[in-house]
**Q** 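After the structure tokens below, expect a handful of questions from me.
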Amino acid sequence: MSEEKDTSAENSNTSPRGKSLMLPVILCVVVAVVTVGVAVLLMTIFEHKQEARQPYVRLVDVNEASTDPVPWGTNWPYQFDSYRRSVDSTKTEHGGSSAMPASKLEQDPWLKRLYSGYAFSIDYREARGHAYMLHDQEVTERVTKRTQSGACLHCHASVIPTYRRLGMISLGEEPTPENLAEDFNWPAVMEGFRVSSGMTYAEAHAELLKTPDGTPGKAMSLFPSGLDGDASDEDIESAAIIDAHHMMGEAHPVSCVDCHSPDDMSVRVTRPGFMEGIAKLAESDDPVPHLPSIERWRQGSRKQPYDPNINASRQEMRSFTCAQCHVEYYCATKETLFFPWDNGLKVEQIEATFDDHVFPDGESFYDWKHGETGAKVYKAQHPEFELWSQGIHARSGVSCADCHMPYERQGATKVSSHWVQSPMLNINNACQTCHNVPESELREKVATIQGRTKKMIQRAAVAMTDMLDAMHEAKAAGATEEQMAELYELQKKAMWRLDFISSENSKGFHADQEAVRILGESIDYSRQAQAMANRIRAPKAPLTKAKAEPVHGVTK
């Protein structure tokens with residue numbers, strides 16, 4: 001009897017009534033687990049949102065005199081980590097940052113004739129990354145063998161505090177380290193910019209080294225420099241900078257303070273040349289649909305000059321910060337550096353600005369006298385912004401930074417990469433965000449455009465050298481000054497257009513149709529000059545009595 005009772009008791013535990021009691025318990029456990037999971041998820045999301053909302057903690061004080069980028073890296077480590085990769089050596093088909101790039105003069109000997117009589121005929125190499133922009137300028141033979149202008153530092157160095165210091169001295173203010181760091185001080189910066197433009201490169205570089213960089217006592221720059229702390233006397237002398245190592249401060253290539261406010265990291269324009277140039281562009285009649293803030297300014301009162309730091313959108317600023325340097329400009333001691341945008345950004349509009357410009361001494365504008373012919377000609381620098389402005393990407397609202405500094409994910413934060421490089425080295429982030437096609441197809445498109453442009457450059461170069469040969473022969477045959485003046489004008493137009501595209505660093509990709517148009521005009525002007533020179537040299541042709549054959553098949 002007792003065994004039966006035990007069995008019945010055991011069965012009672014698995015009865016329907018017992019099962020019904022267990023269900024609420026299991027449900028409570030499941031709900032608790034789900035609740036904890038949801039709570040953890042919400043906390044994680046909240047933390048990530050807070051992280052994205054507050055992307056940095058200000059641990060180190062930086063100010064308007066902080067040209068050394070290292071302290072900035074403490075506050076903004078994600079941007080700094082990619083920025084310092086500018087020192088990495090990577091080679092692309094056209095350009096890149098390979099160590100000690102080969103001489104362009106050896107690769108394309110026609111460049112020596114194009115730049116005959118100009119410093120670029122001595123030393124001209126492929127551009128490297130931002131890390132090398134100051135070092136390469138310090139050691140190029142264009143500087144060590146020729147006297148160059150201090151205005152060259154406008155784009156190759158973190159030079160704004162030096163402008164501010166020179167301007168404060170010129171304006172009778174005391175340039176103490178505290179005053180230099182206090183605020184931007186545009187009046188002093190503009191004055192120092194004008195003072196520096198009248199100096200030689202050696203003089204301006206010495207002033208650069210006198211300016212505190214925000215990290216007193218720190219011996220080495222982050223990036224290579226011809227005047228690093230361990231530079232020998234021989235190295236310094238070869239860079240044409242005497243006793244620079246005895247001066248306080250250090251020189252840095254373009255740095256954080258050149259594009260960002262030290263207060264809140266907002267993007268800004270700091271270069272005086274660009275500020276004056278973009279204001280002139282806004283006042284011109286050139287349509288700029290890719291810069292809508294200028295179009296809005298034109299429709300307003302125009303009481304104040306166009307100011308990109310006030311009027312431009314954030315997306316426009318992602319191009320303007322690059323356009324502070326990747327542009328065409330005049331840079332020599334004869335006049336303050338200026339951007340020739342009075343009439344617009346197209347090659348012929350810039351040419352018209354130069355044609356109308358007069359130096360302060362009353363002489364008509366020119367860059368240099370050509371070494372072979374004596375013609376007064378123009379020199380193009382690196383007009384990436386101007387050519388980009390004529391292309392499909394600019395019209396589509398794509399900024400320079402979208403392709404060369406694309407966004408990338410760093411944890412929960414979206415950061416613009418500061419490793420400025422060719423989009424071909426980062427196709428996924430730089431191109432495929434918009435172009436939903438295979439990487440191989442995009443790479444082939446770029447190669448096709450650049451290959452076509454390269455071939456057109458070579459054709460224009462052949463036409464240019466043929467032109468120079470014909471001009472020599474015409475002069476030897478007794479061409480008059482009036483006849484040669486016409487040839488000089490055609491030479492100037494032909495060489496200016498060839499130089500405009502060959503000096504532009506995208507090899508036509510920024511606006512491929514515009515690049516081909518410009519090179520076609522260069523070829524045309526070269527052949528016009530060649531034909532004119534041949535007519536001057538050759539005896540007068542006899543009259544012909546041959547009758548012209550009428551055209552058949554054309555309705556009268």
Side-chain angles (χ1 to χ4, degrees), residues 104-105 107-124 142 146 327-332 334 340 343 345-357 363-384 386-387 453-475 479 481 483-505 507-508 514-534 536:
K104 285 187 175 183
L105 302 175
Q107 295 173 347
D108 296 308
W110 56 266
L111 287 168
K112 294 182 180 179
R113 300 195 68 182
L114 178 68
Y115 298 134
S116 177
Y118 199 63
F120 274 77
S121 65
I122 300 174
D123 189 10
Y124 184 28
R142 296 198 303 272
R146 291 282 185 90
V327 289
E328 160 61 12
Y329 52 85
Y330 171 75
C331 176
K334 200 166 185 178
N343 298 304
L345 296 170
K346 297 183 181 67
V347 64
E348 61 270 19
Q349 293 169 328
I350 296 174
E351 181 182 47
T353 298
F354 285 152
D355 288 344
D356 295 337
H357 191 75
E363 186 177 16
S364 296
F365 177 85
Y366 68 97
D367 270 297
W368 93 99
K369 291 183 179 180
H370 193 257
E372 290 191 26
T373 66
K376 294 180 178 180
V377 291
Y378 303 153
K379 172 71 183 77
Q381 306 303 325
H382 25 65
E384 282 85 55
E386 290 88 347
L387 191 63
T453 306
K454 184 71 174 178
K455 289 180 180 179
M456 282 293 292
I457 289 175
Q458 295 297 333
R459 286 176 179 266
V462 170
M464 182 268 298
T465 54
D466 288 347
M467 169 189 67
L468 293 178
D469 291 341
M471 289 176 67
H472 287 313
E473 294 169 354
K475 200 166 187 177
E481 285 298 319
Q483 291 173 320
M484 291 305 299
E486 293 185 59
L487 293 175
Y488 292 156
E489 185 64 22
L490 291 170
Q491 176 192 352
K492 180 181 70 176
K493 290 179 175 294
M495 292 175 58
W496 161 245
R497 285 160 175 76
L498 171 57
D499 192 22
F500 196 90
I501 298 303
S502 64
S503 296
E504 201 272 338
N505 282 302
K507 287 296 179 288
E514 178 72 356
V516 169
R517 178 188 78 85
I518 294 171
L519 290 170
E521 288 188 0
S522 174
I523 294 171
D524 178 47
Y525 284 124
S526 288
R527 295 307 183 192
Q528 284 188 48
Q530 181 185 5
M532 182 181 296
N534 288 338
I536 293 172

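Basis for what follows: all heavy atoms, side chains included, without hydrogens, waters or symmetry-related copies.
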**Q** Quick one: ring pair (Phe, Tyr, Trp, His ring centres under 6.0 Å) partners of Trp110, sequence neighbours excluded?
**A**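 Once residues adjacent in sequence are excluded, Trp110 has no partner under the ring pair (Phe, Tyr, Trp, His ring centres under 6.0 Å) criterion.
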**Q** Would you list the atom pairs, donor with acceptor, under 3.5 Å between side chains in residues 462-469 and any protein atom, with sequence neighbours excluded?
**A**
from   : atom 1 : to     : atom 2 : distance (Å)
Thr465 : OG1    : Ala461 : O      : 3.2
Thr465 : OG1    : Val462 : O      : 2.9
Asp466 : OD2    : Arg527 : NH1    : 2.9
Asp469 : OD1    : Arg113 : NH1    : 3.1
Asp469 : OD1    : Arg113 : NH2    : 3.0

**Q** Report the residue from Phe500, Trp496, Tyr330 that forms a ring pair (Phe, Tyr, Trp, His ring centres under 6.0 Å) with Phe354.
**A** Trp496
**Q** Mind checking side-chain contact (heavy atoms from CB on, under 4.5 Å) for Arg517 and listing every partner two or more places apart, or none if nothing turns up?
**A** Val347, Glu348, Glu514, Glu521
**Q** Which residues pass the salt bridge (charged side-chain N to carboxylate O under 4.0 Å, His left out) test with Lys346, sequence neighbours left out?
**A**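 With neighbours one apart ignored, the set is Asp286.
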**Q** Just jot down the ring pair (Phe, Tyr, Trp, His ring centres under 6.0 Å) partners of Tyr488, sequence neighbours excluded, or say none.
**A**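 Checked Tyr488 against ring pair (Phe, Tyr, Trp, His ring centres under 6.0 Å); zero matches.
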**Q** Could you measure the distance from the CG atom of Leu345 to the CG atom of Leu387? Nearest 0.5 Å is fine.
**A**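 Output value for this atom pair is 11.0 Å.
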**Q** When rounded to the nearest 0.5 angstrom, what is the spacing between CD1 in Ile523 and CD1 in Ile457?
**A** 10.5 Å
**Q** Tyr118 ring centre to Lys379 NZ or CZ under 6.0 Å, with the angle to the axis within 45°?
**A** no
**Q** On a heavy-atom basis, which atom in Trp368 and which in Ser116 lie closest, and how many Å separate them?
**A**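 So the minimum-distance heavy-atom pair works out to NE1-O, 2.9 Å.
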**Q** Residues in side-chain contact (heavy atoms from CB on, under 4.5 Å) with Asn343, at least two apart?
**A** Gln349, Ala352, Thr353
**Q** Which heavy atom of Ala494 sits nearest a heavy atom of Ser522, and at what distance?
**A**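 Heavy atoms only, the tightest pair is O-OG, 2.8 Å.
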**Q** Give the minimum heavy-atom separation between Ile536 and Ala479, together with the two atoms involved.
**A**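 Taking Ile536 first and Ala479 second, the nearest heavy atoms are CG2-CB, 3.6 Å.
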**Q** Can you sort out the partners of Ala533 under side-chain contact (heavy atoms from CB on, under 4.5 Å), two or more places apart, ordered by chain and number?
**A** Ala470, Ala474, Leu487
**Q** Taking all heavy atoms of Ile501 and all of Thr453, pick out the closest pair and write down the distance.
**A** CG2-CG2, 4.0 Å
**Q** Of Phe120, Tyr115, Tyr378, which meets side chain to side chain contact (heavy atoms under 4.5 Å, CB included) against Asp499?
**A**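 Of all the options given, the one that passes is Tyr115.
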**Q** Might you work through the salt bridge (Lys or Arg N to Asp or Glu O under 4.0 Å) test for Asp355 and Lys492, ending with a clear yes or no?
**A** CA-CA 11 Å; Asp355 288 344; Lys492 180 181 70 176; 3.3 Å; yes
**Q** So, using ring pair (Phe, Tyr, Trp, His ring centres under 6.0 Å) as the criterion, who are the partners of Tyr525 when residues are at least two apart?
**A** none
**Q** Excluding sequence neighbours, so at least two apart, what forms side-chain contact (heavy atoms from CB on, under 4.5 Å) with Ala119?
**A** Arg142, Arg146, Gln148
**Q** Do you know which two heavy atoms are closest between Leu114 and Met495, and how far apart they sit?
**A** O-CE, 2.9 Å
**Q** Between Glu363 and Lys376, is there a side-chain heavy-atom distance shorter than 4.5 Å?
**A**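 In contact.
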**Q** Ignoring hydrogens, what is the shortest heavy-atom contact between Pro383 and Glu386? Give both atom names and the distance.
**A** CA-OE1, 3.2 Å
**Q** When you measure from the side chain of His382 to the backbone of Val327, do you find a donor-acceptor pair of N or O atoms at a distance under 3.5 Å?
**A** yes
**Q** Rounded to the nearest 0.5 Å, what's the gap from CD on Glu486 to CE on Met532? Could you check?
**A**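 Going from the CD atom of Glu486 to the CE atom of Met532 covers 4.5 Å.
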**Q** As an exercise, state the distance from OG of Ser526 to NZ of Lys493, rounded to the nearest 0.5 Å.
**A** 12.5 Å
**Q** I need the Lys455 NZ to Arg459 CZ distance, nearest 0.5 Å.
**A** 8.5 Å
**Q** Atom OG of Ser502 and atom CD of Gln458: how far apart are they, to the nearest 0.5 Å?
**A** 10.0 Å
**Q** Taking only residues two or more places apart in sequence or in another chain, which ones pass salt bridge (charged side-chain N to carboxylate O under 4.0 Å, His left out) with Glu473?
**A**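 Residues passing salt bridge (charged side-chain N to carboxylate O under 4.0 Å, His left out) with Glu473: Arg537.
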**Q** Check salt bridge (charged side-chain N to carboxylate O under 4.0 Å, His left out) between Asp123 and all other residues, then give those that pass, not counting sequence neighbours.
**A**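 Once residues adjacent in sequence are excluded, the partners of Asp123 under the salt bridge (charged side-chain N to carboxylate O under 4.0 Å, His left out) criterion are Arg125.
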**Q** Apply ring pair (Phe, Tyr, Trp, His ring centres under 6.0 Å) to Tyr366 and list each qualifying residue two or more places apart in sequence or on a separate chain.
**A**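 Scan of Tyr366 (ring pair (Phe, Tyr, Trp, His ring centres under 6.0 Å), adjacent residues dropped) gives none.
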**Q** side-chain contact (heavy atoms from CB on, under 4.5 Å) between Met484 and Thr373: does it pass, once the steps are laid out?
**A** CA-CA 9 Å; Met484 291 305 299; Thr373 66; 5.8 Å; no
**Q** State, yes or no, whether a side-chain contact exists between Asp367 and Val377 at a heavy-atom distance under 4.5 Å.
**A**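 The answer is no, as the side chains (C-beta and beyond) never meet within the 4.5 Å cut-off.
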**Q** In the structure I gave you, are the side-chain heavy atoms of Glu372 and Met471 within less than 4.5 Å of one another anywhere?
**A**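 A side-chain contact under 4.5 Å is absent here.
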